[in-house]
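All values derive from a computational prediction rather than experimental measurement. Naming: A, B, ... by sequence-line order, numbering from 1 per chain. The analysis underlying the following values was restricted to heavy atoms, covering all of them including side chains, and did not include hydrogens, waters or symmetry mates.
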Amino acid sequence: MPGSGERWPPVYDADDLQAQIKQLSRRPDLGDAFYEWRRDRSQQVIADVCQGDVIELMSEVPLLVADGQPSTMEHPDVAWLVIGNTCDIERVITDVRWTQIVPIYALGRRDEISANSMAAIQRYTQSRTFHVPEWSAVRRSQVYTADLLRPVTVDKRALHGPGAPAIVQARLSRAAWILLNACLVRFLARDDGRYA
Amino acid sequence: MPSDFSSMFLTLSVETAPMQTSSHRTELQYSQISPVETRLPAGVAPAALLDAGTGELVVGDSLLSRTSELHPLVAGSLEYIRAVASALPIDEQDERIVDALLAKRQQSFAIKPLRRREGR
């Protein structure tokens, strides 16, 4: 497990994978089961960064617009999901300098989103987004999702180390990390139908 | 030039040049640089010439060994992807719901250009 020195196996039993994903996505207390560590609830301090970590970083979202020129989009929600591989994050900076994060957006207030929409969000049946349950008490009133279409390259030193501007707010549980990993695989592995 | 290759050359190089012989046949030399054929290493040949095509061979199996790491890695990855597809089907209606909520959220976000490059 990240932070403990124990490596999780990279290949999962297919039946176990399916069972864990379905079990997690259907839990009514999804937020409680989603994180193994939350900054607002733990006395423990973590000093590293792993795939799936929810971080807060004051930055706009860089992108190339229609004319191909670089621009930034404001990001008032300030939250990001680390999707870069943990092994690459742990490699020395001279070998691997960069990793990837995607912005987490608030979809709306929890009391304003219909039950039907909420159910759709929590079923994890969307390929381009990943629902991130609230990771702190101050975030509880909103419903959040990570936008997989907006990957951002970031210098690892912005995420951890001396003077790093990012703050890790929460770390996924093993089941939630498996779910994220599966959603990332699904996002990349979709057939585009050109050769059907 | 080896006598057993006096009239036959392998065209494994992209650098070939025709040369007219006294018997009016065109012979392709292996290389313009060297008139001597370069033999393949012993035991190496395109997989299609060694075995019937199975659709499962990868380059490493035939060039390195029959137990290259790549094949089981690819097979394992495919199994994982199939398991994911089964556990996480995509629902287009759910996608439309979330896409709409996300678009509504982002439509008010300002986009600011950075320093622009001149020219093409």
Residue part contacting chain A, namely of Ile97(B), when any heavy atom lies under 4.5 Å = side chain
Would you say Val65(A) and Met73(A) are hydrophobically clustered, going by side-chain heavy atoms of ILVMFWY under 4.5 Å?
-> yes
Side-chain donor-acceptor contact under 3.5 Å, Asp94(B) with Thr125(A) | yes
Flag yes if more than 12 heavy atoms outside Glu92(B) fall under 6.0 Å of its CD atom; otherwise flag no.
-> no
Do you know which of Asp147(A), Ile121(A), Thr145(A) has the most heavy-atom pairs under 4.5 Å to chain B?
-> Asp147(A)
Are Val49(A) and Val132(A) connected in the hydrophobic side-chain network, where two residues link if heavy atoms are under 4.5 Å apart?
-> no
Could you name each residue pair satisfying ring-ring contact (aromatic ring centres under 6.0 Å, His included) that touches residues 142-175 of chain A, not counting sequence neighbours?
-> Trp135(A)-Tyr144(A)
Who in residues 103-117 of chain A is close to chain B, using a strict under-4.5 Å heavy-atom cut-off?
-> Tyr105(A), Ala106(A), Leu107(A), Asn116(A), Ser117(A)
The interface call for Thr129(A) against chain B, heavy-atom contacts under 4.5 Å, is side chain
salt_bridge(Arg96(B), Asp99(B)) N-O dist < 4.0 Å | no
Residues Arg139(A), Glu56(A): salt bridge by 4.0 Å N-O rule = yes
